[in-house]
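Notes follow once the structure below has been shown.
The structure presented is a predicted model; accordingly, all values stated were derived computationally and were not measured. For ligands, and for the atoms within them, numbers begin at 1 and follow the listed sequence. If you read the sequence from its start, that first residue is 1, and numbering goes on from there.
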Amino acid sequence: MKFATKAVHAGARPDPATGALTTPLYQTSTYVQESPGVNKGYAYARGQNPTREALEDGISLLENGKNGLCFASGVAAIDAILRLLKPGDEIVTTTDLYAGSYRLFTEIFVPAGIKFRFVSFEDPEKLKEIISDTTKLVWLETPTNPMMNIIDIAGIAKTAKSHETLVAVDNTFATPFLQRPLDLGADIVMHSATKYLGGHSDLIMGAVVVNDDTLYQKLKFIQNTCGAVPGPNDCFLTHRGIKTLHLRMERNCWNAMKIARFLSRHSRVDQVNYPGLESHSGHELAKKQMSAFGAVLSFDLKDDRTETAIEIMRKMQCFTLAESLGGVESLVGHPATMSHGAMPREERLAIGIKDSLIRLSVGVEDADDLIYDLEQALD
Ligand SMILES: *Cc1c(COP(=O)(O)O)cnc(C)c1O
C-alpha cells in the first residue's frame with residue numbers, strides 16, 4: 001500500500017459497539033471487569049486505552065514498524081528509550097542536537113551514570129573510530145536543527161550493527177512521509193508528534209516505533225511503569241493529524257523549496273541552510289535517504305547582528321514568532337536567543353549558529369504570500 005492510503009487509514013478501527021467510523025475518544029481511567037482479572041483486554045488506562053492504541057498502530061504502520069508506543073511528549077519518549085540503558089553504558093550522539101535532548105542527556109542521564117560522547121556524524125566513518133563494547137546506543141536526528149545537516153542513517157546503522165549497538169533516530173523533522181529510518185537499518189524511531197504528526201500546533205505528544213518484539217516489550221514495560229502516557233484527547237487529535245500528513249508535507253516542502261530559492265538570491269542574505277539546495281553539503285545524501293527535503297530552513301545575514309535579525313523578524317506578518325515547528329502555520333525563530341540561548345556563544349558559533357541566524361518552519365499558506373512577507377521584511 002502507498003503512503004497516502006496508509007496515512008488516511010492507518011490504525012483506523014470503527015467502534016465495535018456502535019460502528020462509529022472514527023475511533024471514539026475513550027475518556028476513561030479504568031474498565032469494568034466481568035470477574036477479577038477477566039476483562040476485554042483493557043484493565044487500567046495507563047496500561048492501554050483504545051484511542052491511544054489506534055494512534056500507536058497508525059504511527060507504527062507509517063514508519064513500516066511492527067509496534068508503536070505513544071508518550072506524553074517527545075522528551076518523555078526519549079526518556080523512555082534511554083531508560084533501556086544502565087549506569088556505565090555509553091551513548092554516542094551528535095553535537096548537533098535538539099536542545100531539549102541535550103538537556104535531558106546532560107542534566108538527567110549523566111548524573112544517573114550514563115556516559116555520553118558527542119561527535120559530528122557528518123562523516124559516518126567517525127563512528128568506527130570511537131564505538132566500543134560499552135556503546136549501547138547511537139542517538140541521532142536528521143535533518144538537524146537549525147542547520148539542517150544530513151546524517152547517513154544507513155551508514156551509521158551498518159557500523160552500529162557490527163557492535164550490537166542500537167541505533168535510535170529522532171525522525172521529527174523528516175516525518176515518515178519523507179524518511180523511514182527502520183527501513184534504513186535503525187532499531188528505534190522516535191517522534192515529537194507535537195510537530196508534523198499532530199500538525200496543528202494544538203497538543204504535546206511523543207511516539208516510539210520499533211520492529212523487535214523484545215525491545216517493544218521492554219519499552220512497553222517502561223511506558224506503563226514510569227507512566228508518561230498521553231491522554232486520549234491528544235491521541236484522538238494526533239490521529240486526526242496523521243490522516244493529512246502527506247497533504248500537509250507536500251505543500252510544506254514545496255513552499256520551503258520556493259522560499260529557500262528566493263532567500264538564496266536575496267542581496268541581504270548570506271547563507272541559506274536547506275538540503276533542497278544544490279549548494280547544501282547534505283544535498284546528495286538527502287536525495288538518497290529522503291523523498292523530499294523537509295520544511296524547516298535557516299538563513300543568516302551579511303549584516304551578522306542579533307539586532308538586525310530581530311528587526312527583520314519583527315516586520316514579518318505571515319511568519320509568527322514562536323518556538324516549535326511542524327504546524328500548518330509558518331513560524332519564525334531566532335536560535336541564538338531562543339532554542340540555543342543557553343549555549344555559550346563560541347560553542348554555538350562552532351556549529352554554525354551565527355548571531356543573525358533566522359529559522360523558519362514553513363507552513364501550508366500560499367507561497368507567494370510567504371515570499372512577499374519575507375521580501376518586505378528584508379527590504
Ligand atoms: C520538539 C522536539 C523534541 C521534543 O518534543 P516535545 O514534544 O516538545 O517534548 C524532540 N526532538 C525534536 C527534533 C524536536 O523538534
Note the single closest protein heavy atom to [atom], along with its residue, its atom name and the distance in Å.
atom                    : result
atom 3 (C) of ligand 1  : Tyr98 CE2, 3.3 Å
atom 13 (C) of ligand 1 : Asp170 OD2, 3.3 Å
atom 6 (P) of ligand 1  : Gly74 N, 3.3 Å
atom 2 (C) of ligand 1  : Lys195 NZ, 2.5 Å

Is [X] close to ligand 1, meaning an N/O of one under 3.5 Å from an N/O of the other?
X      : value
Leu325 : no
Glu141 : no
Ser192 : yes
Ile78  : no

Got a list of side-chain donor-acceptor pairs under 3.5 Å for residues 84-93, not counting sequence neighbours?
unit_1, atom_1, unit_2, atom_2, d
Asp89, OD2, Lys86, N, 2.9
Glu90, OE1, Thr135, OG1, 2.7
Thr93, OG1, Trp139, O, 2.8

Original post:
Given that the side chain starts at C-beta and the backbone is N, CA, C, O, which of these parts of Thr194 lies under 4.0 Å from ligand 1, counting heavy atoms, or is it both or neither?
Top reply: side chain

**OP:** Take Glu129 and Lys126, measure what salt bridge (charged side-chain N to carboxylate O under 4.0 Å, His left out) needs, and give me the verdict at the end.
**Re:** CA-CA 6 Å; Glu129 292 162 24; Lys126 271 261 177 67; over 6 Å; no

Original post:
With a 4.0 Å cut-off on heavy atoms, is Asn145 touching ligand 1?
Top reply: no

Return all side-chain donor-acceptor pairs below 3.5 angstrom for residues 372-379, not counting sequence neighbours, or 'none' if the list is empty.
unit_1, atom_1, unit_2, atom_2, d
Asp373, OD1, Gln317, N, 2.8
Asp373, OD1, Gln376, NE2, 2.8
Asp373, OD2, Gln317, N, 2.9
Asp373, OD2, Cys318, N, 2.7
Asp373, OD2, Phe319, N, 3.3
Gln376, NE2, Lys315, O, 2.9
Gln376, NE2, Asp373, O, 3.1
Asp379, OD1, His266, NE2, 3.3

Subject >> Matching residue for Tyr102 among Phe116, Phe118, Phe109 - test: ring pair (Phe, Tyr, Trp, His ring centres under 6.0 Å) >> reply: Phe118

Original post:
Are Lys40 and Tyr26 in a cation-pi contact, defined as NZ or CZ under 6.0 Å from the six-membered ring centre and within 45° of the axis?
Top reply: no

Subject >> Electrostatic pair Glu278:Arg261 at N-O distance under 4.0 angstrom >> reply: yes

Subject >> Distance flag, aromatic centroids of Phe293 and His283, threshold under 6.0 Å >> reply: yes

